[in-house]
2 protein chains.
Amino acid sequence: MNDGPDWRPVKRVRAFEEVVAQIEEQISTGRLRAGDKLPGERALAAALGVSRPSVREAMRVLEAMGVLVANTGSGPEAGAILAGSAGPALTGVLGLHLGLANFAVDDVVETRLLIESWAVEAAARHASEADLDRLRAIVAAMDAPDVSAEQFNEQDTEFHTAIAELSGNALVATFMRALRDTVRRHQQRAVVELGSNTEALRADHRAILAAIEARDPHAAAEAVAAHLRRAYPRVGRGR
Amino acid sequence: MNDGPDWRPVKRVRAFEEVVAQIEEQISTGRLRAGDKLPGERALAAALGVSRPSVREAMRVLEAMGVLVANTGSGPEAGAILAGSAGPALTGVLGLHLGLANFAVDDVVETRLLIESWAVEAAARHASEADLDRLRAIVAAMDAPDVSAEQFNEQDTEFHTAIAELSGNALVATFMRALRDTVRRHQQRAVVELGSNTEALRADHRAILAAIEARDPHAAAEAVAAHLRRAYPRVGRGR
DNA sequence: AACCACGCTGTGGTCAGACCACGCGATCGC
DNA sequence: GCGATCGCGTGGTCTGACCACAGCGTGGTT
């Protein structure tokens, strides 16, 4: 089994990678928590023995991953603050790789169907009355007579995200939002074709809500599947 | 409905963000494709009218998203090349936010169960004989007498990733790998407790493989669920 | 005494210019 | 012919400087 030395030569370690690694370590060991503020770039550079540009590149990486936000000025709001959610970062990553053809749009929609079916089942099982009120309010807002296409889309996102959150799994909710945003950004780049056909979609929403209200997980999953098949008809064939 | 001006303050646009945006646009419009090589940092800086550090920060962001890799030296391999997969980037993002307590470990395992159940059903439906051979080879390798704990873990990842790839959905496969790596990194930070208990896990793998061979999606999903419940016993209670 | 304007200070953002390590590729010498 | 060597362009790093911005203290004004 031994084919000789075969040692993998040292991996190049760039300065900013070391900085990222150290900050990651502080996070995973709990020494840095959400809400904490990092030292200034100059102080960090001095403490780590690297130059400020290297620290800045590390900041950009962490910022791209949604781990921190950087603010200028002074006061409590200024500086690099650990916070953020993974959502926007995920959306960005997925969108880029969609453009690079590493994924297909159908893959994204299919995955969304898979995740949302599960989420709505969980939601149907243990949604509280307050949760239901929230969904009802969104559905009612979408049924108002004067909603623009943009508002409609916004509230549609709201509705589906709310369902995902009701599943009680924060990661699933984040995935859901990222997938929906990815599809939406992609399709709005092509054509906004739903036009005045929103009635069918709104009816779907009402059906989903009704199934959740009836505590019927299976029916809820079916309703979601039907809804997505209507919204993205091309998916699901051929596989 | 009109509450006054309520204008959003101008979004600050940093130079590197503009650079990232322009590269993203080149990607989504198809002018840049996977495998293409970007101009050198100096040339890009000159072309975009920004300084080299700004270009570099943009590079770091795109690199963190798994969109490009940067190599030194000269020749065809040198420079910033569009390529990569989203996998490592997703793993990094998930791991960091796990550390920041934006997600719970249970969320990750639960999500993995959800996705893998679906994937194995799809795999059971349309795995080719060659696909099955690949799985059989992995299972056989894990049954060898002299596998170390590390090798075992490696091949376990291989097995589950292979199943996800068999689903035919590249995005699901990517998610699967990211979720598994995230869990693995997290648990290996704590305790590697499986010890010599691998026999049960290997039996699970054989059961999963058998269900796929039998083209029984439901049994395959059940087998995967049982396997994950055994591997991560604490999950699934209380929700 | 209350209040407001100014400037100090520290933050991230940007820039210019320089030097280094690396590795391909052409050139030169044998 | 062929191998060692040098050139040159790549990303990686550093220095030092300047800018815009925002909070907050200090000063003068009312």
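Protein chains get the first letters and strands the later ones, always in sequence-line order, with residue 1 at the start of each.
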For [N], does OP1 or OP2 lie under 4.0 Å from any side-chain N or O of [X]?
X	N	answer
A:Arg52	C:dT14	no
B:Ser54	C:dC15	yes
B:Arg56	D:dG12	yes

When you get a sec, tell me which of [options] is the closest nucleotide to the side chain of [X]?
X	options	answer
A:Ala15	C:dG25, D:dC14, C:dG13	D:dC14
A:Ser51	D:dC14, C:dG12, C:dC15	D:dC14
A:Thr72	D:dG23, C:dG13, D:dG12	C:dG13
B:Pro76	C:dC24, C:dT14, D:dG12	C:dC24

Q) Would you say A:Asp131's side chain and A:Ser128's backbone share a donor-acceptor pair under 3.5 angstrom? A)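 Yes, A:Asp131 side chain to A:Ser128 backbone: donor-acceptor pair under 3.5 Å.
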Rounding to a whole Å, what distance do you find between [X]:[atom1] and [N]:[atom2]?
X	N	atom1	atom2	result
A:Asn71	C:dG13	CG	C1'	13 Å
B:Phe16	C:dG12	CZ	C1'	11 Å
A:Ile81	C:dG12	CD1	P	10 Å
B:Glu77	C:dA21	CD	C1'	18 Å
A:Arg14	D:dC14	CZ	P	13 Å
B:Leu48	C:dT14	CG	P	13 Å
A:Glu18	D:dC14	CD	P	12 Å

Does the side chain of [Y] come within less than 4.5 Å of [X]'s, by heavy atoms?
X	Y	result
A:Arg134	A:Glu165	yes
A:Arg56	B:Arg60	no
A:Met59	A:Val55	yes

Q: Report yes or no: do A:Glu110 and B:Asn169 form a side-chain donor-acceptor pair below 3.5 Å?
A: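 Side chains of A:Glu110 and B:Asn169: pair found under 3.5 Å.
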(Q) Quick one about A:Thr157 and A:Arg184 (side-chain donor to acceptor, distance below 3.5 Å, no hydrogens or angles considered), yes or no? (A)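 On atom types as modelled, these side chains qualify, holding a pair under 3.5 Å.
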Q: Report the residue (B:Gly73 or A:Glu57) whose heavy-atom-nearest nucleotide on DNA chain D is the more 5′ of the two.
A: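 Final value for this comparison: B:Gly73.
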Q. What orientation do B:His205 and B:Phe152 show, parallel under 30°, tilted 30 to 60°, or perpendicular over 60°?
A.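 Rings of B:His205 and B:Phe152: parallel, under 30°.
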Q) Where each residue is assigned the nucleotide of DNA chain C containing its nearest heavy atom, which of A:Ser74 and A:Arg60 is assigned the position nearer the 5′ end? A)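 It is A:Ser74, whose closest nucleotide lies nearer the 5' terminus.
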Q. Tell me, which of residues 40-47 of chain A have any heavy atom that sits under 4.0 Å from an atom in DNA chain C?
A.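 Under 4.0 Å from DNA chain C: A:Gly40, A:Glu41, A:Arg42.
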Q.
What contact category does B:Gly75 fall into here, base, sugar-phosphate, or nothing, at under 4.0 angstrom with non-hydrogen atoms?
A.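 It contacts sugar-phosphate atoms only.
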